[in-house]
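Note that these values count all heavy atoms, side chains included, but never hydrogens, waters or copies made by symmetry. Computed from a prediction, not measured in an experiment: that's the story for all the values here. Order of the sequence lines fixes the chain letters, A, B, ..., with proteins taken first and strands second; residue numbering starts at 1 for each chain.
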Protein chains: 2
Amino acid sequence: MVTKQQLNDLPPDADLRRVDSLAREIFSDVANKWALLIIEALGEGTLRFSELRGEVEGISHKMLTQNLRMLERNGLVDRTVYPTVPPRVEYTLTEPGRALRATVDAICEWTQQYLGRIEDARGRFDG
Amino acid sequence: MVTKQQLNDLPPDADLRRVDSLAREIFSDVANKWALLIIEALGEGTLRFSELRGEVEGISHKMLTQNLRMLERNGLVDRTVYPTVPPRVEYTLTEPGRALRATVDAICEWTQQYLGRIEDARGRFDG
DNA sequence: CCGAATCCGCACAGATACTG
DNA sequence: CAGTATCTGTGCGGATTCGG
């Protein structure tokens with residue numbers, strides 16, 4: 001998780017721990033169901049809050065706003081407000097966000113690919 | 001989450017919904033912090049329960065067993081018990097598990113790559 | 001339409017103790 | 001050492017309300 005270059009740049013102990021704990025924090029933010037589903041839903045496009053709510057099946061108003069704030073804070077989504085009435089807010093992935101989306105895609109493909117095997121494994125385990 | 005090819009293979013309505021809900025279920029199982037960290041920790045090797053607990057920083061006894069059961073149920077980890085005394089239990093990734101690990105690796109690399117930009121974004125957002 | 005704030009139940013997660 | 005069980009509290013997550 002740490003490159004040689006960084007090892008040269010950093011006074012070893014304290015800062016290395018800082019980087020790792022920051023990485024863990026980001027990982028914890030990102031490795032949760034709703035965040036990943038939102039990122040997947042945004043895809044290449046731009047969606048309004050209400051559209052997003054329709055795309056991410058089962059998400060509540062609150063969870064959507066919370067996760068959108070979190071993603072915005074980490075610079076994974078851009079939030080643009082059109083000060084019309086009624087207001088209009090659009091969300092779109094930033095470049096870091098799109099990069100992460102590629103990995104989410106991989107997880108989705110993995111799910112599809114192993115769907116059958118997993119179902120079988122469950123059957124064996126449960127029975 | 002469903003490819004065009006699969007759309008051709010499947011009788012349309014009911015079964016498609018079944019597949020999707022199953023996929024969502026699997027996604028929810030897998031897209032959580034502890035599960036992904038356990039998979040990452042197992043890597044290519046074989047670890048005992050206690051070793052695993054040391055590797056996955058901050059996980060509790062209970063969360064580790066719960067997630068291991070879940071991963072075993074889905075066929076992502078193999079669990080082998082050596083009936084010695086004291087007992088010895090070893091965990092290792094199955095092929096589906098290793099395939100998933102590749103995507104977890106991708107997330108970790110993503111984290112490292114964008115660490116700085118994310119930290120900056122946070123600074124801007126918070127300040 | 002979007003989002004902040006509040007209330008509240010329930011499930012998750014930690015701590016502890018006990019069995020094989 | 002590994003796993004289960006029970007208890008407890010905290011915090012997640014849903015429903016609702018109000019404000020911009």
Can you tell me how far [atom2] of [N] sits from [atom1] of [X], to the nearest Å?
X       : N      : atom1 : atom2 : result
A/Met63 : C/dC2  : CE    : C1'   : 16 Å
B/Arg53 : C/dG14 : CZ    : C1'   : 10 Å
A/Leu64 : D/dG14 : CG    : C1'   : 14 Å
A/Leu52 : C/dC1  : CG    : C1'   : 14 Å
A/Asn32 : C/dC12 : CG    : P     : 15 Å
A/Ile38 : D/dG13 : CD1   : C1'   : 13 Å
A/Tyr82 : C/dC2  : OH    : P     : 12 Å
A/Arg73 : C/dG3  : CZ    : P     : 18 Å

If only side-chain N and O atoms of [X] are considered, is one of them under 4.0 Å from the OP1 or OP2 phosphate oxygen of [N]?
X       : N     : answer
B/Ser50 : D/dA2 : yes
B/Arg48 : D/dC1 : no
B/Arg79 : D/dG3 : yes
A/Arg69 : C/dA4 : yes

Per nearest nucleotide of DNA chain D, the residue lying toward the 5' end, A/Asn67 or A/Pro86, is A/Asn67
**Asked** Base, sugar-phosphate alone, or nothing: which one does A/Tyr91 contact when heavy atoms must sit under 4.0 Å apart?
**Response** sugar-phosphate
| message | I'd like to know if A/His61 reaches the base of D/dG14 with its side chain, counting only an N/O donor and acceptor under 3.5 Å. | response | no
| Just wondering, do B/Val56 and B/Met63 contact through their side chains at under 4.5 Å, heavy atoms? | no
B/Lys62 has its side chain closest, among D/dG14, D/dC1, C/dG14, to C/dG14
Heavy atoms of B/Ile26 and A/Trp110 approach each other most closely as CG2-CZ3, 4.0 Å
In short, B/Arg98 meets B/Leu93 closest at the heavy-atom pair NH1-O, 3.2 Å
Flag the pair B/Arg53 and B/Glu55 as a salt bridge only when some basic side-chain nitrogen lies within less than 4.0 angstrom of an acidic carboxylate oxygen. no
**Message:** Looking at A/Glu51, I'd like to know if its CD atom is crowded, meaning that more than 12 non-hydrogen atoms belonging to other residues, nucleotides or ligands lie closer than 6.0 Å.
**Reply:** yes
The answer to which of B/Pro87 and A/Glu51 contacts DNA chain C further toward the 5' end, by nearest nucleotide, is A/Glu51
